[in-house]
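Here's the structure we're looking at; comments come further down.
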Amino acid sequence: MSYQPSMDATMHGGGKERGRWRGQAVIALNDDFRASDVLTALLQVAHMRNLPFRKDMSVDQARVWAAQESRARAHRDFEHFCDDLKIEGWQCKEVLLSSAEKVTFHAEGGLDNLAKTLGIGESKR
């Protein structure tokens, strides 16, 4: 898999409002990403934003649960999502990102440090 979405409610002005955390989703893509990676990541973020607020978990536990649950739902719904897009006249074979949507970065401390910072666990080399 060449994508990894993460949500962080503490960055970019996020905060708790009416029992829900607000934040910004960040999707990191490898250079060799496929259209299916982008679409799956977008679907995962959509699922992540609609998950219930978990008062029974710490912030870190809820972040891990949300990442795992939204990933499972995205993979479960991917084919149906693509079928719906095609019915509406969208193509799913290529995704073009503008230069503003592409940001090249260097992770100080390596991929493991980046993964830890994004709250996504161990990186896969």
Side-chain angles (χ1 to χ4, degrees):
M1 185 178 317
S2 64
Y3 79 93
Q4 183 62 58
S6 174
M7 281 192 78
D8 189 341
T10 63
M11 294 176 63
H12 310 292
K16 190 176 176 190
E17 180 178 301
R18 292 181 307 210
R20 296 190 60 100
W21 284 96
R22 297 181 56 173
Q24 180 171 340
V26 177
I27 300 172
L29 297 166
N30 290 342
D31 289 335
D32 62 344
F33 74 89
R34 300 177 315 256
S36 61
D37 295 325
V38 175
L39 294 173
T40 302
L42 293 173
L43 186 56
Q44 181 173 354
V45 170
H47 279 303
M48 193 177 288
R49 290 184 173 169
N50 287 303
L51 290 173
F53 181 72
R54 297 287 305 261
K55 293 181 182 180
D56 60 322
M57 295 180 175
S58 71
V59 172
D60 289 337
Q61 289 171 326
R63 182 179 290 126
V64 170
W65 171 80
Q68 292 171 343
E69 182 66 21
S70 61
R71 176 174 287 181
R73 291 180 185 196
H75 286 287
R76 177 197 69 200
D77 296 341
F78 180 75
E79 292 300 324
H80 182 70
F81 177 61
C82 283
D83 290 344
D84 286 348
L85 287 174
K86 290 174 187 173
I87 289 170
E88 294 297 321
W90 294 84
Q91 61 87 19
C92 298
K93 292 183 180 180
E94 294 182 34
V95 174
L96 302 176
L97 301 175
S98 71
S99 58
E101 294 170 315
K102 296 178 192 176
V103 177
T104 302
F105 61 91
H106 172 75
E108 287 189 30
L111 294 177
D112 289 332
N113 188 51
L114 175 63
K116 181 179 176 186
T117 300
L118 293 174
I120 56 176
E122 298 293 317
S123 68
K124 295 177 182 170
R125 295 179 192 235

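All of these numbers come straight from a predicted model, not from anything done at the bench.
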- Message: Looking at every non-hydrogen atom in both residues, tell me the closest pair between C92 and A35 and how far apart they are.
- Response: O-CB, 3.6 Å
- Task: Output the distance between atom CD (E69) and atom CE (M48), rounded to the nearest 0.5 Å.
- Result: 10.5 Å
- Note on the structure: Smallest heavy-atom separation, H47 atom then R76 atom, equals CE1-NH2, 4.2 Å
- Message: My understanding is that only residues two or more places apart in sequence, or in another chain, count here; which of them pass side chain to side chain donor-acceptor pair (under 3.5 Å) with D83?
- Response: none
- Task: For L42, check side chain to side chain contact (heavy atoms under 4.5 Å, CB included) against everything at least two apart and list the hits.
- Result: I27, V38
- side chain to side chain contact (heavy atoms under 4.5 Å, CB included) involving Q68 - partner list, sequence neighbours excluded: V64
- Measure the spacing between CG of L85 and NE2 of H80 and express it to the nearest 0.5 Å. 10.0 Å
- Item | D56: partners by side chain to side chain contact (heavy atoms under 4.5 Å, CB included), with sequence neighbours left out | R54
- Message: Rounded at 0.5 Å granularity, tell me how far OG1 in T40 sits from CZ in F81.
- Response: 8.5 Å
- Message: Holding to side chain to side chain contact (heavy atoms under 4.5 Å, CB included), I want the full list of residues that pass it with Q91, two or more places apart in sequence or in another chain.
- Response: K93, E94
- Message: Would a single hydrophobic cluster contain both L39 and I87, if residues Ile, Leu, Val, Met, Phe, Trp and Tyr are joined by side-chain heavy-atom contacts under 4.5 Å?
- Response: no
